[in-house]
Amino acid sequence: MEHGEALMLIQNATIITLEPENRILEDQAILIEDGRIASVGPQKAVSAWYEDVHRVDARGRLVLPGNICAHTHFYGAFARGMAIPGPAPKDFPEILERLWWPLDKALDPESIRLSAQVMLVDAIRNGTTTLIDHHASPNAIPGSLDLIAEVVEAAGLRAVLCYEVTDRDGEAKARAGIEENLRALEKYGRPSDGGRVAATFGLHASLTLSEATLGACRDAAPEGTGFHIHVAEHEADEYDSLNRTGARVVDRLDGHGLLGPETIVAHGVHLDAAEIAILAETRTWLSHQPRSNMNNGVGTAPVDSMLRAGVRVCLGTDGFPHSMWEEARFAYMLQKLAHRDPRRMPGDQVYRMLTRNNAALAGRFFPGAPLGVIAEGAHADLIFVDYHPHTPLSTGNLPWQMVFGFHERMVTTTICGGNLLMHERELLTLDEAAIAAAAREAAPAVWERYGQLVT
Ligand SMILES: [Zn+2]
């Protein structure tokens, strides 16, 4: 199967446009030209205009914009099935110290590349076409974002990359992290010309960043650059900030000029009301990862309060499989259980986070065309979904059909930037079996290095 041709006609599609005024249209055709949607219209009309064009038959399936993940970590792939020696970590700080920090130190260029490949196979299969990644590899910092960018390019997906600056491994590595972000910002920036790799400036979390390093990051970042940082994932982050500076985490970051409409803060589980107000005032994006929060036992983010205060809340996976409808389902369920109130997090609210908010966030990094909608001129990032609803599917009930009915196993075809990445469940750009085999072969050495570093 060819991919990457300039012209492609998708036919027999039932389109869910995900425009602000969403529409569901049957018997449609979509013409893709040079990575963008050139026209959308009734099958009979559009199909007749073009004779000599690569036709992709959607066979009546739903065709939607590809899903978007607002926060993930490709580098975590080798954690799957890995044993943590000794007693199980009792809280999130121990999970950081005994799982993630020794694991990211165990990564070398080859395992960084394999981790990204494994995660991108998963993203294509799950119909997620744009991913905002947060990378760490303290023993292989320079060039690490290029390694990931090469994998993203080869996979054909769209990604926003950054390196997490931290003081936990000393001044030289903090400096190297800053340099890696600056290099990537210079090289990738915000492509307006069809490029699929963008960059932002990564910071680990307030609790591993000194006043001097936060200031150095702000000074080094070019004007208009945003930051991507974990915030108040566990209360330890708040206590550290209060001890260090007397200010809570969001106040501290705001004091350094790190918030704003280009910045993404991940989690926000332990924010207070004033911090939520600052995020709303500064138009800072917040990414919610309910599966990760549940797995780490860190608590329930006050997402309802954030939304009511006007914070732009998005959805990410934090390195869990890039199955965004599943993440949305957990977001929907978690608030109800945690507050013992089934009115919390209604379906249309989680749907807006997943579709409108994630698209608006990702769109800032790819300003050349709209993202996350099926409309003329938009980026041609599309998925086919083999969903046969047994009740009427309408624009009104779509959020609940999505929460209860959509599953990633129904994704049959994934297209990004007008290129076919998966067709009828066959991956076209990445060799899934070969990647898994190479990763399995590399895993024992990664685990061995991890074992020597873990305390
Ligand atoms: Zn994270």
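Each ligand, and each atom within it, is numbered from 1 in the order the structure gives. The structure displayed is predicted, hence computed values, not measured ones.
The aromatic rings of His230 and His71 sit perpendicular to each other, their planes meeting at more than 60°, with 30° as the lower class boundary. Ring geometry for Phe201 against Phe227 counts as tilted: the plane angle lies between 30° and 60°, on a 0 to 90° scale.
Listed by chain and residue number, Arg175 satisfy the salt bridge (Lys or Arg N to Asp or Glu O under 4.0 Å) test with Glu179 (two or more places apart in sequence, or in another chain). Under the salt bridge (Lys or Arg N to Asp or Glu O under 4.0 Å) criterion, Asp91 pairs with no residue at all, not counting sequence neighbours.
Residue pairs meeting the salt bridge (charged side-chain N to carboxylate O under 4.0 Å, His left out) criterion with at least one member in residues 280-309, sequence neighbours excluded: Arg291-Glu326, Arg291-Glu327, Asp304-Arg344.
Look at Arg168 and Asp104 and you find a salt bridge, because one of the NZ, NE, NH1 or NH2 atoms lies within 4.0 Å of a carboxylate O, short of that distance.
Inspection of the environment of the Zn ion (ligand 1) yields the following protein N, O or S atoms under 2.8 Å: His71 NE2, His73 NE2, His230 NE2, Asp318 OD1.
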